[in-house]
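Each chain gets a letter, A, B and so on, in the order its sequence line appears, and its residues count up from 1.
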Amino acid sequence: MKTHLQSLITQALQRLRQDGVLAGIELPSIPLERARDRMHGDYASTIALMLAKAARRKPRELAEHIRSALPASEQIAKVDIAGPGFINFFLAPTAYQAVVGEILQRGDDFGRSTGGGGRRVQVEFVSANPTGPLHVGHGRGAAFGATVANLLEAAGYNVHREYYVNDAGRQMNILAASLWLRYLEHCGEKFRFPSNGYQGKYLREIAVRFYAEHGGAYAVSAQRIFQDLPLDEIRDAAGNVVTPGDKEAHIDALVERARTLLGDHRYRFLFELGLNTILDDIRDDLKEFGVVYDEWYSERTLAESGAVNKTLNRLRDAGYVYEQEGALWFRSSAFGDEKDRVVERENGQTTYFASDIAYHLEKFERGFDGVIDVWGADHHGYVPRVKAALQALGENPDRLDVLLVQFAILYRNGERVPMSTRSGEFVTLRELRGEVGNDAARFFYIMRKSEQHLDFDLDLAKSQSKDNPVYYIQYAHARVCSVLRQLCEKGLSRDESRGQAHLARLTESHEENLLVALSRYPEAVETAALNHEPHQLAHYLRELANAFHTYYNEHRVLVDDDALRDARLNLSLATRQVIKNGLTLLGVSAPEVM
RNA sequence: GCCCCGAUAGCUCAGAUGGAUAGAGCGCACCCCUCCUAAGGGUGAGGCCACAGGUUCGAAUCCUGUUCGGGGCACCA
């Protein structure tokens, strides 16, 4: 409809140009938007306001010219000039009634488009380190990333969903060492757990299972382990330093000690056990949350394939790497970053950043038309250096789009739920899902703009009332299903084609509002997709549900008049279909009974 | 100190490429089921769009500055 109107306007402008009214004026793309107010018709264009100056005419006068030059169309009931020079289009009732047939015919495909032209887009999201279970912060990234991916797919893109697994590097070694220490505690050894070790109780559980299978085969006395290690920094409960020390040096030395005392074989075994147990848990967690990936991309294979070294060499050849204080630096400041960054530490280990450069280069080389990263907002300082590296490697950094997601803050009984990663005292995604359910979690996570802090009201998410937007929308779906059951119980049947033949009977203002809302769905999906803003779809669905509830409250669907009843049933079924399609994109179920 | 993000109704938030009288939900005050699920609907009150300049036919939206929040500035990931 939009393109139809735009082409009518273009034809009118071309005619005016020939007539000399717009002689020699460059024609812009035609602005056309949904009228906010029904008084202003269905669509409005500001074209006359835009061209008024160049045409040296008053906007309203120009608008009149355009109106009279418009070709006739059956779709349009009337065209008004209003305000300073808006051209308002009022659609013929048949034009928006037609959407019912389109929805019923296309079914689950309604709202999907080919606008993306099958261009390949990669969406990388969550990518939490496999050092512990996902917490509620990761959950938001998961819901957001998964929905952005769904939306892009619906908009006609070929989407590749990917999780980058940080299974290499220092943090994983610290995890392996932490697991070993928990195991030793279980064996009865007494020592102080390192302050930089992973404190979470999940490691104890893995350690207990490990002990059950292997007994004391990995045991070493605490005394041998901690002998001559650099001192750890110890703090009291209030966070004050009790014993000064270097916790980084302490944990790095502890990792080395673990390697030598256990030997390579046994160390690897523990390392793999910790990694795989946690990664499996993350996989299950996400799967249960309705988040699926095409690929789990391993950082380790990236390093082992030599890609990291190759990338560093390329940077060096390009002249952007130098040595200083024993470390290798990338000259990111040459590309707008605040300062240069280390890619290889003094001790010879490449940094996480080095892997990330190689990973992003590899993404680009895989030939995606667009690459999207979903990151926690605390990583925003990281964006310039990754883009700098890509630029240094001769790639166009604009092909990478980094979407930042702010943290979610949980509220229970109006009080903030305390969380701190440091003490390992965080609410896991699994706990949240268990408490409020997948549907509410998925919806609440994407309800707000991603760069906005999210206040997650647990009580509201659990409540089964109109206050809860998830239930409100799902209930609209269930209500239509209920009407169909009632139809059955009354011994009536429905005739879809009879309904289609009598769509003109849908003349109530509530019905018009509902029809207009339904016809907006494809646009809602498209703008939500292109702007990477799932919340727009959530808001749309709430409005659609509201239009339906209002209608339902005012008029009966199951009337005695067969033609009217079938028309209304078709309208209701179309509404049900659109709600289902929208909820599916959000990863929320559309229940038939509530 | 430098950088990023935010500031819109009492609360939580929408307001795509600048457009008409700035919108929802909650909360508050009223009202609506002999009728398909009241798990619903309606009416009303409630606003110096943080502040000050600028850009133009027109600014919540764009630009500059100020104030107040949040985050980031590692040889951590």
Is there any protein nitrogen or oxygen under 3.5 Å from a nitrogen or oxygen in nucleotides 13-15 of chain B, and what are the pairs?
from  : atom 1 : to       : atom 2 : distance (Å)
B:C13 : OP1    : A:His453 : O      : 3.4
B:C13 : OP1    : A:Asp455 : OD2    : 3.4
B:C13 : O2'    : A:Arg448 : NH1    : 2.9
B:A14 : OP1    : A:Lys449 : N      : 2.9
B:A14 : OP2    : A:Gln452 : NE2    : 3.1
B:A14 : O3'    : A:His535 : NE2    : 3.3
B:G15 : OP1    : A:His535 : NE2    : 2.8

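- Using C1' as the reference atom, B:U66 and B:A9 are 25 Å apart when rounded to the nearest Å.
- When the P atom is used for both B:C49 and B:A7, the distance is 14 Å, rounded to whole Å.
- At most 12 non-hydrogen atoms from other residues, nucleotides or ligands lie less than 6.0 angstrom from NZ of A:Lys58.
- Protein atom CD of A:Gln6 is 16 Å distant from nucleotide atom P of B:U17, rounded to whole Å.
- Between the CZ atom in A:Phe144 and the OH atom in A:Tyr445 there is a gap of 14.0 Å [rounded to 0.5 Å].
- A:Val525 and A:Gly111 get closest at one heavy-atom pair: CG1-O, 3.9 Å.
- Considering only heavy atoms from C-beta on, A:Thr131 stays 4.5 Å or farther from A:Ile278 through its side chain.
- A:Ser450 places no side-chain N or O within 3.5 Å of a backbone atom of A:Ile446 that could act as its donor or acceptor partner.
- Base contact: A:His40 has a heavy atom under 4.0 Å from a base atom.
- Note on A:Glu523 versus A:Arg520: no salt bridge recorded, every NZ/NE/NH1/NH2 to OD/OE distance being 4.0 Å or above.
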Every protein N/O within reach of nucleotides 32-34 of chain B N/O, cut-off under 3.5 Å:
none

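- Separating the P atom of B:C68 from that of B:C51 is a span of 15 Å, rounded to the nearest Å.
- Nearest nucleotide to the A:Met50 side chain, out of B:A39, B:G19, B:A20: B:G19.
- When both distances must be under 3.5 Å, the Watson-Crick or G-U wobble mate of B:U55 does not exist.
- For the OP1/OP2 pair of B:C36 and a distance below 4.0 Å, the side-chain nitrogens and oxygens of A:Arg494 include no atom meeting the criterion.
- Annotation: ring pair (Phe, Tyr, Trp, His ring centres under 6.0 Å) contacts of A:Phe407 (sequence neighbours excluded): none.
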What pairs of nitrogen or oxygen atoms, one from the protein and one from nucleotides 74-76 of chain B, lie under 3.5 Å apart?
from  : atom 1 : to       : atom 2 : distance (Å)
B:C75 : O2     : A:Glu346 : N      : 2.6
B:C75 : N4     : A:Glu325 : O      : 2.8
B:C75 : N4     : A:Glu325 : OE1    : 3.4
B:C76 : OP1    : A:Arg345 : NE     : 2.7
B:C76 : OP1    : A:Arg345 : NH2    : 2.7
B:C76 : OP2    : A:Arg345 : NE     : 2.6
B:C76 : O2'    : A:Arg170 : NH1    : 3.3
B:C76 : O2'    : A:Gln171 : NE2    : 2.7

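- Side chains of A:Tyr471 and A:Asp439: no donor on one and acceptor on the other come within 3.5 Å.
- Residue A:Ala44 is in base contact, counting any heavy-atom pair closer than 4.0 Å across all strands shown.
- Side chains of A:Arg385 and A:Tyr382 form a contact here, defined as non-hydrogen atoms less than 4.5 Å apart.
- Remark: the backbone N or O of A:Asp495 is paired with a side-chain donor or acceptor of A:Asp566 at under 3.5 angstrom.
- Using a 5.5 Å limit on the distance between ring centres and a 30° limit on the angle between planes, the aromatic ring of A:Phe86 counts as stacked on the six-membered base ring of B:A20.
- Side-chain N/O atoms of A:Asn88 and base N/O atoms of B:A20 include a donor-acceptor pair closer than 3.5 Å.
- Salt bridge A:Arg568/A:Glu511: present, at least one basic N to carboxylate O contact under 4.0 Å.
- Base pairing of B:A24: its partner is B:U12, meeting the Watson-Crick or G-U wobble criterion (both donor-acceptor distances under 3.5 Å).
- Of the N and O atoms on the side chains of A:Arg479 and A:Thr575, not one donor lies less than 3.5 Å from an acceptor on the other residue.
- Proximity note for A:Asp467 (side chain, C-beta onward) versus B:C36, B:G27, B:G41: the nearest is B:G27.
- Rounded to whole Å, the separation between the C1' atoms of B:G19 and B:U12 comes to 28 Å.
- If you take atom P in B:U8 and the same atom in B:G15, they sit 14 Å apart, rounded to whole Å.
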| task | Evaluate the side-chain hydrogen bond (donor to acceptor under 3.5 Å, both in side chains) criterion for residues A:Ser355 and A:Glu299: first the C-alpha distance (whole Å), next the side-chain angles of each, then the deciding distance (0.1 Å), finally the verdict. | result | CA-CA 7 Å; A:Ser355 298; A:Glu299 179 186 3; 2.9 Å; yes

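- B:C36: no Watson-Crick or G-U partner with both key distances under 3.5 Å is found in any strand.
- Using a 4.0 Å cut-off between charged side-chain N and carboxylate O, A:Asp356 and A:Arg341 make no salt bridge.
- Comparing the same atom, C1', in B:U55 and in B:G65 gives a spacing of 15 Å after rounding to whole Å.
- Of the two residues near RNA chain B, A:Tyr472 and A:Phe353, the one whose nearest nucleotide lies more 5' is A:Tyr472.
- Annotation: B:C28 and B:A22 have their P atoms spaced 27 Å apart (nearest Å).
- Pairing for B:C73 is with B:G1, a Watson-Crick or G-U wobble pair whose two hydrogen-bonding atom distances lie under 3.5 Å.
- The side chain of A:Tyr382 sits closest to B:A77 out of B:A38, B:A77, B:C5.
- Summary of the strand contacts: A:Arg485 and A:Glu338 both lie near RNA chain B, and taking for each the nucleotide with the nearest heavy atom, the more 5' one is attributed to A:Arg485.
- Using N1 to N3 plus N6-O4 or O6-N4 for Watson-Crick, or N1-O2 and O6-N3 for G-U wobble, each under 3.5 Å, B:C30 pairs with B:G42.
- For the contact set between residues 559-574 of chain A and RNA chain B, defined by any heavy atom under 4.0 Å, there are no members.
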List, with names and distances, any nitrogen or oxygen atoms from the protein found under 3.5 Å away from nitrogen or oxygen atoms belonging to nucleotides 42-47 of chain B.
from  : atom 1 : to       : atom 2 : distance (Å)
B:G42 : OP1    : A:Thr550 : OG1    : 3.2

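- Annotated as anti: B:C32, whose O4'-C1'-N torsion sits more than 90° from 0.
- Taking a 6.0 Å sphere around CG of A:Asp560, one finds it holds 12 or fewer heavy atoms contributed by other residues, nucleotides or ligands.
- The pair A:Arg57-A:Glu64 does not count as a salt bridge, with every side-chain nitrogen at least 4.0 angstrom from each carboxylate oxygen.
- Considering NE2 of A:His549 and CG of A:Leu544, their distance stands at 9.5 Å, rounded to 0.5 Å.
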